[in-house]
Amino acid sequence: MSRPLRLGVNIDHVATIRNARGGDHPDPVRAAEIVAACGGDGITAHLREDRRHIRDEDLARIQAATSLPLNLEMAATEEMLAIALRHMPHAACIVPERREERTTEGGLDAAGQHNRLYPLVQRLGEAGIRVSLFIAPEERQIEAALRLGAPVVELHTGEYAHAAGDAAEAERARIAAMAALAAREGIEPHAGHGLTYDNVGPIAAIAELAELNIGHYLIGEAIFCGLEASVLRMRQLMDEARA
Ligand code: PXP
């Protein structure tokens with residue numbers, strides 16, 4: 001049986017546009033309020049080391065403005081751990097981060113970095129923050145998440161989003177198999193990256209997935225039709241795929 005599929009809206013790129021001019025507009029807090037008002041299930045924000053979009057002070061403002069759960073995407077560093085413990089988001093999604101990348105390009109190597117990640121996952125978990133690991137849909141990464149005691153994995157859909165035809169179907173099947181494996185192991189599977197109106201359906205149809213996190217496309221569409229309309233359309237496509 002399918003579980004409900006939550007939509008977490010990543011509002012980073014509202015801040016990207018704000019920062020292009022160095023002022024206060026457009027304010028990602030206003031985006032968070034609109035997402036809350038139109039039925040989004042959560043707000044996702046990535047505080048990057050270089051603060052290219054979301055900034056430290058945005059986190060508290062977003063938390064004060066809405067009661068939606070905040071999913072903080074963060075690199076596995078002491079600096080980000082301290083910020084997470086200070087702000088106490090509902091969830092922390094640990095992502096790999098390279099300063100020169102345009103976006104989060106690959107999954108976290110949970111399998112290869114066990115010793116580095118273990119204390120971080122423990123400290124976040126002990127504080128009551130739900131830890132998620134942003135990983136490639138690979139068995140060895142799910143097994144590593146299990147050894148690390150992470151309650152959630154977010155499966156990277158970037159390869160799926162960039163593929164076409166048979167390659168996209170093969171990648172979708174891999175994501176579905178890894179979502180099923182995670183669920184069997186007691187880990188809640190989420191997915192995200194590169195999802196659009198055109199490609200969300202086959203991912204939303206994967207019954208074990210509990211949450212999709214979607215950002216760039218929704219904010220891009222919002223330029224043309226408004227944020228409420230873009231979130232509602234994505235929600236509708238997700239619901240149709242589940243039905
Ligand atoms: N999930 C994670 C872990 C991410 O790092 C990102 C991008 O910041 C997303 C989801 C959203 O990806 P997109 O902006 O391509 O929808």
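Start at 1 and go down the list; that is how both ligands and their atoms are numbered.
Judged by distance alone, with hydrogens and angles left aside, the side-chain atoms of Asn19 form a donor-acceptor pair with the main-chain N or O of His53 at under 3.5 Å.
Salt-bridge check for Glu79 with Arg51: passed, with a basic side-chain N closer than 4.0 Å to an acidic carboxylate O.
In terms of heavy-atom proximity, Leu68 sits nearest to Ala36 at CD1-CA, 3.6 Å.
Counting only residues at least two apart or on different chains, the salt bridge (Lys or Arg N to Asp or Glu O under 4.0 Å) pairs with a member in residues 209-226 are Arg6-Glu211.
Remark: His87 pairs with no residue by the ring-ring contact (aromatic ring centres under 6.0 Å, His included) rule, at least two apart or across chains. Under the ring-ring contact (aromatic ring centres under 6.0 Å, His included) criterion, His90 pairs with no residue, sequence neighbours left out.
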Output, or 'none' if empty, a list of ligand 1-protein atom pairs in which both atoms are N or O and the distance is under 3.5 Å, rounded to 0.1 Å.
unit_1: ligand 1; atom_1: 1 (N); unit_2: Glu73; atom_2: OE2; d: 3.3
unit_1: ligand 1; atom_1: 1 (N); unit_2: Glu154; atom_2: OE2; d: 2.4
unit_1: ligand 1; atom_1: 5 (O); unit_2: Glu73; atom_2: OE1; d: 3.0
unit_1: ligand 1; atom_1: 5 (O); unit_2: Thr104; atom_2: OG1; d: 3.2
unit_1: ligand 1; atom_1: 8 (O); unit_2: Asn10; atom_2: ND2; d: 3.4
unit_1: ligand 1; atom_1: 8 (O); unit_2: Glu73; atom_2: OE1; d: 3.3
unit_1: ligand 1; atom_1: 14 (O); unit_2: His216; atom_2: N; d: 2.8
unit_1: ligand 1; atom_1: 15 (O); unit_2: Gly194; atom_2: N; d: 2.8
unit_1: ligand 1; atom_1: 16 (O); unit_2: Gly215; atom_2: N; d: 2.8

